[in-house]
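Both counts, for ligands and for their atoms, begin at 1 and track the order of listing. Because the structure is predicted, anything quoted here is derived from the model rather than measured. One is the number of the first residue; the rest follow in order along the sequence.
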Amino acid sequence: MLRAAGADFEFEEFDVNADAYLRTGVPITDEVWKQVAKADSILFGAVGDQRLNDSTYLAGVLLRLRFELDLYVNLRPAKLYDDRLSPLRREDRRQVDLLVVRENTEGLYVGMGGRFKKGTKDEIAVQEDVNTHIGVTRIIEHAFQVARHEVVMVDKSNAMTFAGALWQERWKAVGAAHPKIKTRHLYVDAASMQLVKDPSQFDVIVTSNLFGDILSDLTAELIGGMGIAPSANIDPATGRGLFEPVHGTAPDIAGRGLVNPIGAILSAAMMVRHLGVPDMADAIEGAVESAIRARECTRDIGGDLSTSQAGDAVVKRLRD
Ligand code: IPM
Ligand code: MG
């Protein structure tokens with residue numbers, strides 16, 4: 001299948017994981033960084049380990065890759081492949097085919113701030129929410145580039161007035177340049193409510209780093225759960241990308257063959273689409289959909305296969 005679709009990729013694997021971090025004390029060594037940073041694309045497993053109780057590893061791996069490679073667009077699609085996976089009772093509201101466009105390099109994730117009088121009763125903790133003219137503009141622009149008919153901008157400008165005002169200004173300016181695409185604004189609380197009430201109303205949602213993180217767990221649940229939600233982290237300027245399932249490492253079920261491989265497989269599909277092989281991406285998505293509908297999948301989505309059997313069920317369809 002890889003060849004039939006005309007793709008010619010070179011794969012390289014890197015030892016970036018919690019074991020390596022515990023051994024070396026470095027999240028990504030300089031040597032590995034140099035090579036990873038040169039790659040056209042990174043297919044990323046998942047991050048998190050119960051042995052690590054601070055955020056140094058997380059910041060040194062995933063957030064460093066997003067920030068330093070300037071992967072400012074985080075695409076988190078949610079598509080319902082089988083009706084039975086919807087948690088919603090009303091059938092007419094189950095059509096989910098939406099895309100969360102999450103700002104990925106700013107906001108509350110930049111790690112600015114500090115703790116004053118740490119550990120005392122008088123402690124003050126400050127976490128800065130960084131929003132730049134360029135950052136807000138470019139992510140909203142990207143949302144218009146990928147929208148089919150509507151972009152909904154989600155913020156909390158009624159309470160977070162400074163950052164909110166910048167988002168509102170850039171939203172109006174960028175929106176005016178795309179008259180063919182409908183626009184709508186929702187506060188994040190109302191957006192959460194609407195997503196559960198009737199997700200079929202959404203096409204593209206554009207929002208900040210933190211709100212996008214939260215809403216994309218919600219949208220994953222609308223299509224069958226965290227196990228099947230993919231994502232892309234890209235810099236449209238350089239074309240570079242990092243592709244990863246939305247889920248983490250699920251330490252509670254690790255090593256027992258229970259983990260759903262579909263989030264990772266669909267992330268690979270997003271990667272090959274981004275690398276310019278849409279036929280292959282369509283084939284992978286089609287194989288996933290067919291396996292899900294045949295219930296040849298893991299238990300979390302109603303099958304009884306192990307992780308590797310569920311992976312094989314997809315591969316088998318690609319070979320046919
Ligand atoms: C995600 C994850 C990460 C995030 C964590 C692991 C820092 O939740 O990719 O959604 O918040 O971005
Ligand atoms: Mg998250």
Q.
With side-chain contact (heavy atoms from CB on, under 4.5 Å) as the criterion, how do Met270 and Arg273 come out once you've worked through the C-alpha distance, each side chain's angles and the decisive distance to 0.1 Å?
A. CA-CA 5 Å; Met270 291 184 84; Arg273 191 179 298 286; 5.7 Å; no
Q. Trp171 and Phe144: aromatic ring centres closer than 6.0 Å?
A. yes
**Q.** Set of side-chain hydrogen bond (donor to acceptor under 3.5 Å, both in side chains) partners for Asp217, sequence neighbours left out
**A.** none
Q: Starting from the Mg ion (ligand 2), count all protein N, O or S atoms within a radius below 2.8 Å.
A: 1
Q | Check: Glu244/Asn233 side-chain N/O donor and acceptor closer than 3.5 Å | A | yes
Q. Counting heavy atoms not belonging to Arg299, are there more than 12 under 6.0 Å from its CZ?
A. no
Q.
My understanding is that a hydrophobic cluster links ILVMFWY residues whose side chain heavy atoms are under 4.5 Å apart, including indirect links. Using that, what else belongs to the cluster containing Leu305?
A. none
Q) Regarding Glu31 and Gln35, is there a side-chain donor-to-acceptor distance under 3.5 Å anywhere? A) no
Q) When you look for protein heavy atoms under 4.0 Å from ligand 1, which residues do they belong to? A) Leu58, Arg66, Arg76, Arg102, Tyr109, Asp213
Q | Geometric cation-pi criterion, Arg102 with Phe211: 6.0 Å, 45° | A | no
Q: Inspect the surroundings of CG in Asp252 and state if more than 12 heavy atoms from other residues, nucleotides or ligands are less than 6.0 Å away.
A: yes
